[in-house]
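All chains are named by letter (A, B, ...) in the order of the sequence lines, taking the proteins before the strands, and each is independently numbered beginning at 1.
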Amino acid sequence: MKIYNTLSGRKEEFAPADGKTVKMYVCGVTPYAPAHVGHAMSYTFFDAVRRYLEFLGYSVVHVQNFTDIDDKIIERAARAEVDPAKLAERYIAEFYDEMDSLNIRRASLYPRATEELPTIVDMIQGLIDKGYAYPANGDVYFRVRKKDGYGSLARRTLEGMLAGARIEPSSHKEHPMDFALWKGAKKGEPEWPSPWGPGRPGWHIECSAMCHHHLGETIDIHGGGQDLIFPHHENEIAQSESYTGAKPFVRFWMHNGLVQLGEEKMSKSLGILVTVKDALQKFSPDALRLFFLSSYYRSPLKFSEESVEAAERGAQRLRSAASIEGQGTGPDLDSDPYRRRFVEAMDDDFNTPQAIAALFDLARQVNRAFDEGRRFDEAQSTLRELAEVLGLTLRGLESGTQADIAPFVDLLVEMRGELRKAKQFELADSIRARLQALGVTVEDTAQGGRWRKG
RNA sequence: GGCGACGUAGCCAAGUGGUAAGGCGGAGGUCUGCAAAACCUCUAUACGGCGGUUCGAUUCCGCCCGUCGCCUCCA
């Protein structure tokens, strides 16, 4: 299959370095606020990446970090007068819950910055020893000019960056673009001991350290949002390659486009966002996933309720095709052409929009086979299988915490069937309308009434 | 100012050097007591604008307009 590599700017043939196991690292969140749909989109996409790679027969080691110590956490915790670690812990728990709700499979490992201090300190020391970093005034900085090719991921040069003129000069830095590996602690801040004095790790070093610690010197895929390309991923490359001497640090860099709300990027710090929690209250997980995966992952995606509502109706159509019962005896529906289209689309840099198009076409064929009295069990299971590769459950809305209403609704639907037979249509229609008002849709088929929630 | 991305039907959104997937919506039809669902047919003389290359461009190149992102924390 082919994957677009940000580093080369081209689609390249992909296979894991060892031929079997894909080492994949996806940048996680800084848990200081609720997750928004931009996070949901990114992690949904990388979940689909992982599922598809496994579908191809690879095993995938998927590592995703939590940046559980950082300026924002300290700031928020101070304002709320809680312990920074507690604050982070709370948002991490929320994050797990929400990602589970979105049917995003758990990563193989979720390392946290605060649990990687020894690795981080070792790496910083190693960088100092090799001349790539220098302590200054309790901080430690990376010497950007020492790293060949710094800026190549972002396609920038040091000169170009300086032209931005938005860089705050720091008297302790040798070069304005040098970045912190270690930040000396100020009074009252959380701190860890180090050879350079008490402090905490800089933002970029944790990812380098975790990658190295858990996945080795070279990993197959490193993913994240496009907003991480610079400076975060650029700096990761600089740190990791300088430390290990191994090139490349990452074989395939993958970056998803950003979710926009209205005309702007969704952003935690700017407060422009729709939280995952809010979205899940309005829409089914399948609808959100279908919405996310209906556009190519590298393009920006505009979030709008109308678009997700459209996806909700589409999801319902897929669900219904995946769950109809009562196949006939005519010739089998052959789903191979649809499977091929799906695979071909996904092989082309995870072209999920086209893969989804194949799913909709297959769903139509299943419905047709039903109408024509043909067999479709194999096609239907293909539909479910491929949907699952994208992480779509195609399950109906669950009844939630309520006791199971099924026997009672069944009874009403059955009684209504009797009324219809007796041509008591007014009463039958009234039952249907009242069930609808309670959130149960009743449909009449040749085999009698059937119902679903929603 | 520098770097990058994008601009396709009412809306969302793929894609190709030789006249445009899919979804939602809409119109008509089949089925139905009605409705819903499902299925069938239709719904972009053409892909921001202007030039260029080409037998031929929406697809390549240049310029312009518009939108967005990054350059500072950010999936």
Item to check | Interatomic distance, A:Glu75 CD vs B:U72 P [rounded to whole Å] | outcome: 18 Å
Checklist outcome for this item: A:Lys72 atom NZ is separated from B:C73 atom C1', nearest whole Å, by 3 Å
Item to check | 5' priority, RNA chain B, between A:Gly224 and A:Ala358 [closest heavy atom] | outcome: A:Ala358
Next on the checklist: Any base atoms under 4.0 Å from A:Arg313, or only sugar-phosphate, or nothing? Heavy atoms, all strands.
Outcome noted: sugar-phosphate
Could you go over nucleotides 11-14 of chain B and give all protein N or O partners under 3.5 Å, atom names and distances?
unit_1, atom_1, unit_2, atom_2, d
B:A13, O2', A:Ser294, O, 3.3
B:A14, OP1, A:Tyr296, N, 2.5
B:A14, O3', A:Asn351, ND2, 3.3
B:A14, O2', A:Gln354, NE2, 3.0

Next on the checklist: Taking the C1' atom in each of B:C50 and B:A57, what is the distance between them to the nearest angstrom?
Outcome noted: 15 Å
Checklist entry - On a whole-Å scale, what distance lies between the P atoms belonging to B:A75 and B:C71? => result 12 Å
Item to check | Between A:His204 and A:His233, ring centroids under 6.0 Å | outcome: no
Checklist entry - Under the side chain to side chain contact (heavy atoms under 4.5 Å, CB included) test, which residues partner A:Arg317, sequence neighbours left out? => result A:Phe360, A:Arg364
Checklist entry - Does a donor on one side chain and an acceptor on the other come within less than 3.5 Å for A:Thr67 and A:Glu206? => result yes
Checklist outcome for this item: In whole angstroms, the gap separating C1' of B:A5 from CD of A:Gln260 amounts to 10 Å
Checklist outcome for this item: Scanning all shown strands, the Watson-Crick or wobble mate of B:U54 with both distances under 3.5 Å is none
Checklist entry - On a whole-Å scale, what distance lies between the C1' atoms belonging to B:A14 and B:A9? => result 14 Å
Next on the checklist: Measuring only the C1' atom in each nucleotide, how far is B:G25 from B:A44? A whole number of Å is fine.
Outcome noted: 15 Å
Checklist entry - Is there a Watson-Crick or G-U wobble partner for B:U41 with both distances under 3.5 Å, and if so, which one is it? => result B:A27
Checklist entry - Atom CZ of A:Phe179 and atom P of B:C71: how far apart are they, to the nearest Å? => result 15 Å
Item to check | Residue list, ring pair (Phe, Tyr, Trp, His ring centres under 6.0 Å) with A:Phe95, at least two apart or on another chain | outcome: A:Tyr43, A:Phe66
Item to check | Identified pairing partner of B:A21, criterion: Watson-Crick or G-U wobble below 3.5 Å | outcome: none
Item to check | Pairs touching residues 289-298 of chain A that satisfy side chain to side chain donor-acceptor pair (under 3.5 Å), sequence neighbours left out | outcome: A:Asp47-A:Arg289, A:Tyr296-A:Arg298, A:Tyr296-A:Asp349, A:Tyr297-A:Asp349
Item to check | Separation of the P atoms in B:C42 and B:C34, to the nearest angstrom | outcome: 26 Å
Item to check | Distance between P atoms of B:G7 and B:U59 (Å, rounded) | outcome: 11 Å
Checklist entry - Expressed in whole Å, how much space separates the C1' atoms belonging to B:A37 and B:C31? => result 11 Å
Item to check | A:Arg156 CZ to B:G1 C1', straight-line distance once rounded to whole Å | outcome: 13 Å
Item to check | Protein-nucleotide distance (A:Leu228, atom CG; B:C71, atom P), rounded to Å | outcome: 10 Å
Next on the checklist: Suppose we define a pair by two distances each less than 3.5 Å, Watson-Crick or G-U wobble; what does B:C34 pair with here?
Outcome noted: none
Checklist entry - Which nucleotides of nucleotides 27-40 of chain B have their base under 4.0 Å from a protein heavy atom (B), which only their sugar-phosphate (S), and which neither (-), written as one string 5' to 3'? => result ------BBBBSSSS
Item to check | Which residues share a side chain to side chain contact (heavy atoms under 4.5 Å, CB included) with A:Ser152, sequence neighbours left out | outcome: A:Leu7, A:Glu234
Item to check | A:Asp444 with A:Arg420: basic N within carboxylate O range, under 4.0 Å | outcome: yes
Checklist entry - Quick one: side chain to side chain donor-acceptor pair (under 3.5 Å) pairs with a partner in residues 86-96 of chain A, sequence neighbours left out? => result A:Glu89-A:Arg112
Checklist entry - Using purine N1 to pyrimidine N3 plus N6-O4 or O6-N4 for Watson-Crick, or N1-O2 and O6-N3 for G-U wobble, each under 3.5 Å, what pairs with B:U67? => result B:A5
Checklist entry - With sequence neighbours left out, what residues match A:Thr382 under side chain to side chain donor-acceptor pair (under 3.5 Å)? => result A:Ser335, A:Glu378
Item to check | Counterpart base for B:C73, defined by Watson-Crick or G-U wobble contacts under 3.5 Å | outcome: none
Item to check | Identified pairing partner of B:C47, criterion: Watson-Crick or G-U wobble below 3.5 Å | outcome: none
Next on the checklist: Between A:Phe252 and A:Phe14, is the ring centroid distance below 6.0 Å?
Outcome noted: yes
Checklist entry - Who pairs with A:Glu372 by side chain to side chain contact (heavy atoms under 4.5 Å, CB included), at least two apart in sequence or on another chain? => result A:Arg368, A:Arg374
Checklist entry - Base, sugar-phosphate, or nothing for A:Gly28, non-hydrogen atoms under 4.0 angstrom? => result sugar-phosphate
Item to check | d(CG, A:Asp71; C1', B:U72) in whole Å | outcome: 12 Å
Next on the checklist: Under 4.0 Å between a side-chain nitrogen and a carboxylate oxygen: does that hold for A:Arg251 and A:Asp220?
Outcome noted: yes
Checklist entry - Using atom C1' of each nucleotide, how far apart are B:C61 and B:G10 to the nearest Å? => result 34 Å
Checklist entry - So what does A:Ala357 touch, heavy atoms closer than 4.0 Å: a base, only the sugar-phosphate, or nothing? => result base
Checklist entry - Between A:Phe66 (CZ) and B:A75 (C1'), how many Å, whole number? => result 13 Å
Checklist outcome for this item: Note: for A:Ala311 and A:Ser42 on RNA chain B, the residue whose nearest nucleotide lies more 5' is A:Ala311
